[in-house]
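Here the structure comes first, spelled out in structure tokens, and everything after it is commentary.
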Amino acid sequence: MSGPVQVETVHGWVEPLSVACGLRGQTGLICLLSDGEQRGRQSWIGTGPDRVEVIAADDGAFNALKSPHMARHVVGLASYDAGARTATGSRDQVWPDLTVARYPALLRFDHDQQQVVVIGLGEDAASARAECDRALQWLTTAAEAVPSVVPSEVFAAEAPARTYREAVADVVARIGAGELFQANIARAWAGTLNPGSDPFDVFLRLASARGAPYAAFWEIGDRAIVSNSPELFLSWDRTVDRIETRPIKGTRGRDPDPARDRALIDDLVASAKDRAENLMIVDLMRNDLARVCVPGSVTVDALFAVETHPTVHHLVSTVSGTPRSGTTPAEVLAATFPPGSITGAPKHQAMRVIARHELPRGPWCGSLFLLDDTGGLTASVLIRTASFERAGDIWSWRTLAGAGIVADSEPELELAETEVKIRALREALVGT
């Protein structure tokens with residue numbers, strides 16, 4: 001039996017955020033909004049998935065991607081706890097382990113070429129053309145992206161600051177005792193949106209002010225996520241058959257004064273602590289990729305590169321490898337999830353230590369991924385991300401920010417780093 005038929009047409013440029021605004025409220029709206037810079041040259045928009053699977057709690061969750069119906073045009077959200085459960089055992093479940101949806105119609109925005117590729121997928125040419133025509137209509141409904149008023153009033157920490165400082169001190173002590181080398185420990189905040197506000201308001205405020213390579217909005221049923229992630233978990237470019245990961249470790253907040261901002265970059269690059277923290281995760285990701293790649297093909301392509309974003313500077317390294325013949329995206333995700341940059345080293349022990357100090361994370365620091373029209377994979381790390389759940393007409397939200405704890409971490413400085421990392425989401429939610 002032949003596979004699905006795909007039909008494409010090319011349209012002139014329309015701003016993806018405006019297209020998303022025109023589709024606001026439609027079923028299953030997905031917007032993967034890249035910033036158009038070197039690391040984010042494609043954006044994607046779709047609505048109306050024809051297949052949705054929710055895997056509540058299953059250690060083999062990624063097996064859902066092995067179905068021939070879930071090989072292309074698929075968006076998925078893997079919760080952090082789906083991967084952590086193998087190390088931590090039974091934990092309260094706050095979100096499904098995996099949600100996947102197939103989109104027969106998609107728009108691909110090529111920021112380099114300044115054009116929109118309109119894609120339809122169907123069982124035959126006629127149905128694929130109909131889906132392509134449906135997606136083409138989305139471009140005609142583009143609306144001005146006007147950020148809303150502040151959507152939430154309270155940005156409430158789930159625990160006092162001293163609890164986080166104590167957690168950092170405990171992890172430092174465990175590292176000193178030889179239990180592990182690094183663990184990413186997070187703080188959480190929660191609240192509700194004002195009546196009449198919804199998660200798209202938060203996304204619009206965030207995306208209008210601060211672009212990110214892997215920004216995203218996805219509303220599926222009574223759940224939604226808003227992400228402003230700068231971090232790539234995995235990409236698999238089928239044209240060169242190469243898997244790449246770019247872990248982030250090492251952060252400095254931005255300064256409006258150019259000279260001071262430059263000094264912060266210099267301090268980050270020179271920091272032995274941040275470089276050691278980054279290198280540990282590079283080694284971890286090399287090992288994870290080696291599980292699904294040709295022996296000897298895994299390489300470190302860039303080490304300690306600086307990436308600058310609107311509120312932070314980061315140290316970013318790049319690791320890549322050639323997948324073994326016959327490897328599937330499901331196997332790549334299963335071998336590497338959850339991302340090493342937000343767990344620690346050794347990974348399983350770090351996840352056990354995290355579980356001592358945190359409630360289940362849910363989507364935060366899981367991954368949002370796309371299997372595109374070629375079957376290629378792009379997966380982000382869901383940092384700088386808020387999750388939302390609806391009860392009646394009111395949406396509740398939760399978000400987290402963490403820091404990598406190593407032997408010479410100072411609790412007060414790690415606490416301050418979480419404040420820097422949560423700044424953009426806090427401003428999008430409550431305005432200050």
Side-chain angles (χ1 to χ4, degrees), residues 1-36 40-53 64-65 67-77 99-145 200 203 207 214-221 235-239 329 368-380:
M1 179 181 295
S2 61
V5 175
Q6 188 164 293
V7 172
E8 297 183 4
T9 189
V10 177
H11 190 279
W13 183 253
V14 184
E15 286 294 332
L17 186 57
S18 298
V19 176
C21 288
L23 297 174
R24 180 175 183 168
Q26 293 206 17
T27 302
L29 174 59
I30 178 70
C31 180
L32 305 176
L33 185 68
S34 295
D35 60 5
R41 291 175 175 169
Q42 291 185 341
S43 295
W44 297 80
I45 289 176
T47 70
D50 64 350
R51 291 176 180 267
V52 177
E53 293 188 31
L65 299 178
S67 164
H69 300 293
M70 291 294 186
R72 287 186 286 163
H73 287 227
V74 170
V75 175
L77 193 162
T99 304
V100 291
R102 188 180 73 168
Y103 286 80
L106 282 173
L107 298 175
R108 183 177 75 234
F109 297 79
D110 188 322
H111 291 264
D112 279 350
Q113 298 298 319
Q114 288 287 284
Q115 63 184 22
V116 185
V117 180
V118 186
I119 312 168
L121 191 72
E123 296 304 315
D124 51 42
S127 58
R129 171 53 62 187
E131 293 293 345
C132 187
D133 290 343
R134 180 167 72 95
L136 195 59
Q137 289 300 307
W138 300 340
L139 298 172
T140 68
T141 62
E144 184 179 1
F200 195 86
F203 172 68
Y214 305 102
F217 171 86
W218 196 20
E219 184 175 331
I220 194 86
S235 68
W236 184 354
D237 184 343
R238 294 288 190 167
T239 61
L368 185 68
F369 59 87
L370 170 71
L371 295 175
D372 63 26
D373 52 313
T374 70
L377 170 68
T378 302
S380 69

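Position 1 is the first residue of the sequence; numbering continues from there.
Rounding to the nearest 0.5 Å gives a distance of 5.5 Å between CG of Leu29 and CZ of Phe217. Taking CD of Gln42 as the start and CG of Leu33 as the end, the distance is 13.0 Å to the nearest 0.5 Å. For the atom pair Leu136 CG and Ile119 CD1, the distance stands at 12.5 Å (nearest 0.5 Å). One distance of note links CG of Leu121 with CG of Leu106; it measures 8.5 Å at 0.5 Å rounding. Taken from CD1 in Ile45 to CH2 in Trp138, the straight-line distance is 8.5 Å, to the nearest 0.5 Å. Separating the CD1 atom in Ile30 from the CG atom in Leu77 is a distance of 8.5 Å, to the nearest 0.5 Å.
Here Ala130 pairs with nothing under the side-chain contact (heavy atoms from CB on, under 4.5 Å) rule; sequence neighbours left out. Residues passing the side-chain contact (heavy atoms from CB on, under 4.5 Å) test with Arg24 are Asp198, Phe200, Asp201, sequence neighbours excluded. In this structure, the side-chain contact (heavy atoms from CB on, under 4.5 Å) partners of Pro104, at least two apart in sequence or on a different chain, are Asp50, Glu131, Arg134. For Asp124, the side-chain hydrogen bond (donor to acceptor under 3.5 Å, both in side chains) partners two or more places apart in sequence, or in a different chain, are Ser127. With sequence neighbours left out, Trp218 forms a side-chain hydrogen bond (donor to acceptor under 3.5 Å, both in side chains) with Tyr103. Listed by chain and number, the residues in a salt bridge (charged side-chain N to carboxylate O under 4.0 Å, His left out) with Asp372 amount to none (sequence neighbours excluded). Remark: Gln113 engages Asp110, Gln115 in a side-chain contact (heavy atoms from CB on, under 4.5 Å) (not counting sequence neighbours). Legend: residues meeting side-chain hydrogen bond (donor to acceptor under 3.5 Å, both in side chains) with Thr239, ordered by chain and number and at least two apart, are Asp237. For Glu8, the side-chain hydrogen bond (donor to acceptor under 3.5 Å, both in side chains) test picks out Gln6, with sequence neighbours left out.
Smallest separation of non-hydrogen atoms from Val118 and Ala135: CG1-CB, 3.6 Å. Heavy-atom minimum distance, His69 versus Arg102: O-CD, 3.0 Å. The nearest pair of heavy atoms linking Tyr214 to Ser380 is CB-CB, 3.7 Å. Taking all atoms of both residues into account, the shortest heavy-atom contact from Leu370 to Val75 is CD1-CG2, 4.0 Å. Nearest heavy-atom pair, Leu371 versus Leu377, reported as atom, atom and distance to 0.1 Å: CD2-CD1, 3.9 Å. Closest heavy-atom contact between Val116 and Phe109: CG2-CD2, 3.6 Å.
You'll find the side chain of His111 reaches within 4.5 Å of the side chain of Ser43, heavy atoms only.
Not a single donor-acceptor pair under 3.5 Å links the side chain of Arg129 to the backbone N or O of Val7. A donor-acceptor pair is defined here as one N or O able to donate and one able to accept, closer than 3.5 Å; such a pair exists between the side chain of Thr140 and the backbone of Gln137.
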Next item on the list: For Leu139 and Val19, run side chain to side chain contact (heavy atoms under 4.5 Å, CB included): C-alpha distance rounded to whole Å, both residues' side-chain angles, the deciding distance at 0.1 Å, then the answer.
Entry: CA-CA 6 Å; Leu139 298 172; Val19 176; 3.9 Å; yes

Next item on the list: List the steps, then state whether side chain to side chain contact (heavy atoms under 4.5 Å, CB included) holds for Leu65 with Phe369.
Entry: CA-CA 11 Å; Leu65 299 178; Phe369 59 87; 3.8 Å; yes

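The side-chain hydrogen bond (donor to acceptor under 3.5 Å, both in side chains) test with Asp373 singles out one residue from His73, Arg108, Arg72, and that residue is Arg108.
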